[in-house]
Undergrad: 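Below you'll find the structure I mean.
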Amino acid sequence: MRAEVVQQISAVLPALKRARIEEIISAIYGRSLRTVHDHLAQHGDALVSGSSLAPPPVQRLIQALADSGADRVQIPLCSRCGGVRPLVKAVEGGRVCGGCAGVLAYAASVGTCRQCRRDQPLPSQGLCSACYARHLRRRSPKTACADCHQVRVCQRSRGDGKSRCAACRPHRSVPCSLCGKHAKAQARWPVGPVCISCYNRARRSPAACSACGVTRVLTGRNGREPICGRCAGAEDDRPCIRCSTSVAISGGGLCGRCDLGDRVAEFFEVLPPPVREQLRPLQDRLLQHPTPRTVKSWLRQSGAARLLSELASAGAPLSHEMLDAVCRSAGLEQVVGNLRDLLADVRVLPPLDQHLAVVDRRIARLIAEHPGLADHLHAYGYQSVLPRLRGRERPATEYVVGWAMARMNAAAQLLTSTRRQGIALSQLTQEQLDQWVGEGPSTRHNARDFLVWAADHGRARQLVVPHREKPSPVGMGARAHWGALQRCLRDEELPLDVRVAGVLVLFYGQHVSRISSLSRDRLRSRGAEGYIVLGEVPVLMPQPLTLLVTRLTATDTTSEEDQQRVPSRWLFPSSSNHTRHQSATALSARLNTYGIQVKAGRASALLNAAADASVDELSARLGIHSTTAKRWKRRAAHA
């Protein structure tokens with residue numbers, strides 16, 4: 001029999017030396033030799049056809065012949081996925097690899113899960129994949145990993161006998177067929193092995209196949225065009241059991257969009273009917289979100305979602321007053337702010353000035369922390385500080401929060417000090433005030449505003465707190481200033497928002513807090529000329545800046561899924577929440593990162609403007625206070 005096998009191979013591969021063939025066949029014996037002999041007798045071209053009908057002994061023989069240099073030998077391919085892998089199971093039409101055998105067995109075991117009672121594939125013990133995974137987690141105790149020492153489900157290594165978790169177990173790295181990085185193969189698709197990142201990205205983003213036009217996960221390639229698994233010869237796409245158009249990615253056999261509909265319905269159906277009807281726009285927005293995974297994560301993990309569920313369960317209509325009451329609790333200010341933005345974005349609540357709302361809440365919290373000082377603090381905060389902020393002609397910025405709370409905190413510190421000394425505010429003398437200001441940090445000078453208000457309302461004597469000395473601003477050199485301005489206007493490598501903000505700093509001397517809070521209604525156009533309103537009078541923009549602003553406003557377009565979204569009214573909207581503008585701190589950091597010196601550039605711009613314009617023109621055009629304009633005018637005169 002061995003001589004007959006050697007003769008069969010020599011007839012098909014005459015270029016291979018007979019001695020080498022005999023050496024290869026000498027390693028085959030017993031039942032394997034009989035299988036090789038019978039298969040070659042029935043299929044004379046088995047060594048060169050690449051047929052998937054070859055049993056495992058023939059596959060090993062073909063691999064040994066290929067390693068010996070037989071160029072005509074063809075490795076058998078999986079009849080389902082076409083991959084070059086060991087073919088372990090015979091099916092109709094040939095043999096398939098282990099992965100395809102598992103897929104076929106999984107698809108053939110459809111039945112009713114004995115735990116969740118759903119009709120879906122049952123891979124083991126009459127359980128679906130999700131229930132079987134939970135069963136394994138309960139059955140497999142967690143131990144400390146030998147490498148990372150985390151308490152996880154571990155497996156004992158055959159090499160050294162140590163127990164390691166899935167993250168620490170060694171794995172063979174292969175190049176990913178999509179991104180090219182060497183990593184563990186999460187799956188082997190018709191296109192080749194893919195890493196976990198590309199696997200998740202493709203599974204979450206099914207698209208229309210370029211061959212059949214059906215929306216599926218694109219796991220193959222036809223030249224450069226991505227195609228689905230079926231068109232590539234592998235039926236690895238598991239359709240959604242509900243819509244049958246997308247790929248099932250959840251344990252229940254649903255696609256991401258159908259699974260999202262169930263999760264959103266579960267969240268809103270337990271709410272009282274009046275509140276559920278009020279939140280209908282929010283429900284529609286969540287259902288239309290382009291990335292279902294983000295919404296499901298928000299419903300499961302977000303503090304804003306938990307707070308919304310708690311407030312809505314009470315049955316009372318949601319309002320800003322309700323959120324303000326909750327916001328007085330410590331640690332909930334950020335959560336309430338995010339929920340307020342979301343509800344205002346979908347028009348469940350009317351828009352609200354966030355900066356003034358923050359000042360209002362912090363003043364209320366400060367008063368609650370000092371109940372013995374509530375008389376003075378409440379009157380000062382709600383009769384002086386907040387009314388002045390609400391009466392401002394310019395929109396509020398991040399600066400007003402710090403400005404207001406610096407004065408409120410200084411007033412609270414002064415009143416606490418006088419109370420400890422047993423001195424009433426009306427009995428405070430100038431000597432005692434000077435001693436208190438001199439013994440503490442420079443922030444105590446902020447009590448000047450409170451004492452002026454208290455004297456005007458008969459609560460204190462006429463006392464004087466000097467202004468804190470501010471260092472004179474240092475500008476840039478003329479050549480450096482001009483070069484930075486030209487770079488913002490001409491350099492296409494800079495981000496567009498950085499270029500526009502840089503010009504507003506270097507040319508108009510605007511503070512970054514005002515730039516970040518510029519609304520689009522501040523822009524004007526007359527024919528081909530563009531104007532921007534920084535103060536009382538619209539200012540003509542240079543033609544390059546007009547083009548940059550036009551491009552910047554054109555980039556903020558809504559997608560088809562977000563047609564109901566209210567367009568952002570800010571010139572520099574936040575990337576994470578379009579109902580808010582960018583943070584002044586973040587925008588200032590971006591400008592400095594790209595080499596635009598904010599403080600020095602603003603000082604140079606205001607010095608140049610003050611040298612050519614009067615005080616009234618500076619105030620009206622650049623939107624600065626007349627006192628500030630006079631100060632810059634004096635600096636320009638001495639420059």
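One is the number of the first residue; the rest follow in order along the sequence. No hydrogens, no waters, no symmetry mates; every other heavy atom, side chains included, goes into these values.
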Undergrad: Does R407 have more than 12 heavy atoms from other residues, nucleotides or ligands lying within 6.0 Å of its CZ?
TA: yes

Undergrad: Got a salt bridge between R293 and D259, using NZ or NE/NH1/NH2 to carboxylate O under 4.0 Å?
TA: no

Undergrad: Taking all non-hydrogen atoms of both residues, which atom of L489 and which atom of P544 are closest, and how far apart?
TA: CD2-CB, 4.0 Å

Undergrad: Between NE2 of H445 and CZ of R448, what distance do you get to the nearest 0.5 Å?
TA: 11.5 Å

Undergrad: Quick one: pull up CD in Q283 and CG in L271 and give me the separation to the nearest 0.5 Å.
TA: 9.0 Å

Undergrad: Would you kindly check if the NZ (Lys) or CZ (Arg) of R526 is within the cone defined by 45 degrees around the ring axis of Y531 and under 6.0 Å from the six-membered ring centre?
TA: yes

Undergrad: Rounded to the nearest 0.5 Å, how far does CD of Q413 lie from CG of N446?
TA: 9.0 Å

Undergrad: Can you give me every donor-acceptor pair (side chain of residues 370-379, partner residue at least two apart or in another chain, under 3.5 Å) with its distance?
TA:
from	atom 1	to	atom 2	distance (Å)
H370	ND1	L366	O	3.1
H376	ND1	R459	NH1	3.0

Undergrad: Is there a side-chain contact (heavy atoms from CB on, under 4.5 Å) between L299 and V295 once you walk through the steps?
TA: CA-CA 6 Å; L299 293 173; V295 178; 4.2 Å; yes

Undergrad: Is a salt bridge present between R499 and E492, judged by a nitrogen-to-oxygen distance below 4.0 Å?
TA: yes

Undergrad: Which heavy atom in A603 sits nearest to a heavy atom in G475, and how many Å separate them?
TA: CB-CA, 4.0 Å

Undergrad: Flag the pair C148 / C165 as yes when at least one side-chain heavy-atom distance between them is below 4.5 Å, and no otherwise.
TA: yes

Undergrad: Can you give me the closest heavy-atom contact between P350 and H320, atom names plus distance?
TA: O-NE2, 2.7 Å

Undergrad: Are there over 12 heavy-atom neighbours, none belonging to E431, within less than 6.0 Å of that residue's CD?
TA: no

Undergrad: Determine, step by step, whether W298 and L342 satisfy the side-chain contact (heavy atoms from CB on, under 4.5 Å) criterion, reporting the C-alpha distance in whole Å, the side-chain angles of both residues, the deciding distance to 0.1 Å, and the verdict.
TA: CA-CA 12 Å; W298 183 83; L342 177 62; 3.6 Å; yes

Undergrad: Do R152 and C145 come close enough that some side-chain heavy atom pair is under 4.5 Å?
TA: no

Undergrad: What is the distance from atom CZ of F267 to atom CG of L279, rounded to the nearest 0.5 Å?
TA: 8.0 Å

Undergrad: Please collect all salt bridge (Lys or Arg N to Asp or Glu O under 4.0 Å) contacts where either partner lies in residues 299-319, sequence neighbours excluded, each pair once.
TA: none

Undergrad: Under a 4.0 Å N-O cut-off, is there an ion pair linking D284 with R280?
TA: no

Undergrad: For Y594 versus R487, what's the shortest heavy-atom pair and its separation?
TA: O-NH1, 2.7 Å

Undergrad: Are the side chain of N409 and the backbone of M405 linked by a donor-acceptor contact shorter than 3.5 Å?
TA: yes

Undergrad: Please test W570 against L518 for side-chain contact (heavy atoms from CB on, under 4.5 Å), starting from the C-alpha separation and ending with a verdict.
TA: CA-CA 6 Å; W570 306 109; L518 281 175; over 6 Å; no

Undergrad: Side-chain contact test, heavy atoms from C-beta onward, threshold under 4.5 Å: evaluate it for L286 versus R263 and give yes or no.
TA: no

Undergrad: Mind checking side chain to side chain donor-acceptor pair (under 3.5 Å) for E369 and listing every partner two or more places apart, or none if nothing turns up?
TA: none

Undergrad: Surrounding CD of Q597 (heavy atoms of other residues, nucleotides or ligands, distance under 6.0 Å), is the total greater than 12?
TA: no

Undergrad: Hey, does D434 have a side-chain heavy atom less than 4.5 Å from the side chain of V465?
TA: no

Undergrad: Just by distance, do the side chain of R461 and the backbone of L425 share a donor-acceptor pair under 3.5 Å?
TA: no

Undergrad: Does H625 offer a backbone N or O that forms a donor-acceptor pair with the side chain of K630 under 3.5 Å?
TA: no

Undergrad: Answer yes or no: is there a side-chain heavy-atom contact under 4.5 Å between E529 and T546?
TA: no

Undergrad: For S588, what residues pass the side chain to side chain donor-acceptor pair (under 3.5 Å) criterion, not counting sequence neighbours?
TA: none

Undergrad: Are the side chain of R602 and the backbone N or O of V505 linked by a donor-acceptor pair below 3.5 Å?
TA: no

Undergrad: Hey, is the main chain of S604 close enough, under 3.5 Å, to the side chain of N608 for a donor-acceptor pair?
TA: yes

Undergrad: Kindly list each side-chain donor-acceptor pair under 3.5 angstrom involving residues 476-484, sequence neighbours excluded, with atom names and distances?
TA:
from	atom 1	to	atom 2	distance (Å)
H481	NE2	L506	O	2.8

Undergrad: Is any side-chain heavy atom of W632 less than 4.5 Å from a side-chain heavy atom of V615?
TA: no

Undergrad: If you round to the nearest 0.5 Å, how far is OG of S517 from CD of Q582?
TA: 11.5 Å

Undergrad: Can S519 and D521 be counted as having a side-chain donor-acceptor contact under 3.5 angstrom?
TA: yes

Undergrad: Side-chain donor-acceptor pair under 3.5 Å between R388 and S384, yes or no?
TA: yes

Undergrad: How far apart are the closest heavy atoms of L591 and V512, and which atoms are they?
TA: CD1-CG2, 4.3 Å

Undergrad: Side chains of L451 and L433, heavy atoms from C-beta outward: is any pair under 4.5 Å?
TA: yes

Undergrad: May I ask you to decide if L260's main-chain N or O and K296's side chain share a donor-acceptor pair within less than 3.5 Å?
TA: no

Undergrad: If you define the side chain from C-beta out and look only at heavy atoms, does anything of I363 sit under 4.5 Å from I367?
TA: yes

Undergrad: Nearest heavy-atom pair of L414 and A447: which atoms, and what distance?
TA: CD2-CB, 4.4 Å

Undergrad: Return the orientation label for the W453 and Y380 ring planes: parallel under 30°, perpendicular over 60°, tilted otherwise.
TA: tilted

Undergrad: In Å and rounded to the nearest 0.5 Å, what is the CG to CD1 distance from L540 to I532?
TA: 11.5 Å

Undergrad: Please determine which of L587, N592, I515 meets the side-chain contact (heavy atoms from CB on, under 4.5 Å) test together with V598.
TA: N592

Undergrad: Would you check, one step at a time, whether the test side-chain contact (heavy atoms from CB on, under 4.5 Å) holds for Y508 with M541?
TA: CA-CA 10 Å; Y508 296 106; M541 293 188 294; 3.9 Å; yes

Undergrad: My understanding is that only residues two or more places apart in sequence, or in another chain, count here; which of them pass ring pair (Phe, Tyr, Trp, His ring centres under 6.0 Å) with F572?
TA: none

Undergrad: Heavy-atom count check: over 12 atoms from other residues, nucleotides or ligands less than 6.0 Å from K599 NZ?
TA: no

Undergrad: Does atom CZ of R276 have more than 12 heavy-atom neighbours, drawn from other residues, nucleotides or ligands, at distances under 6.0 Å?
TA: yes

Undergrad: Keeping the roles fixed (side chain from T416, backbone from A412), state whether a donor-acceptor pair exists under 3.5 Å.
TA: yes

Undergrad: Is it true that a side-chain atom of Q432 and a backbone atom of T429 form a donor plus acceptor pair closer than 3.5 Å?
TA: yes

Undergrad: Are any of the side-chain nitrogens in R340 or E321 under 4.0 Å away from the carboxylate oxygens of its partner?
TA: no

Undergrad: Any sub-3.5 Å donor-acceptor pair from R444's side-chain atoms to W436's backbone N or O?
TA: yes

Undergrad: Looking only at atom types and distance, does a side-chain atom of T628 sit under 3.5 Å from a main-chain N or O of I624, one as donor and one as acceptor?
TA: no

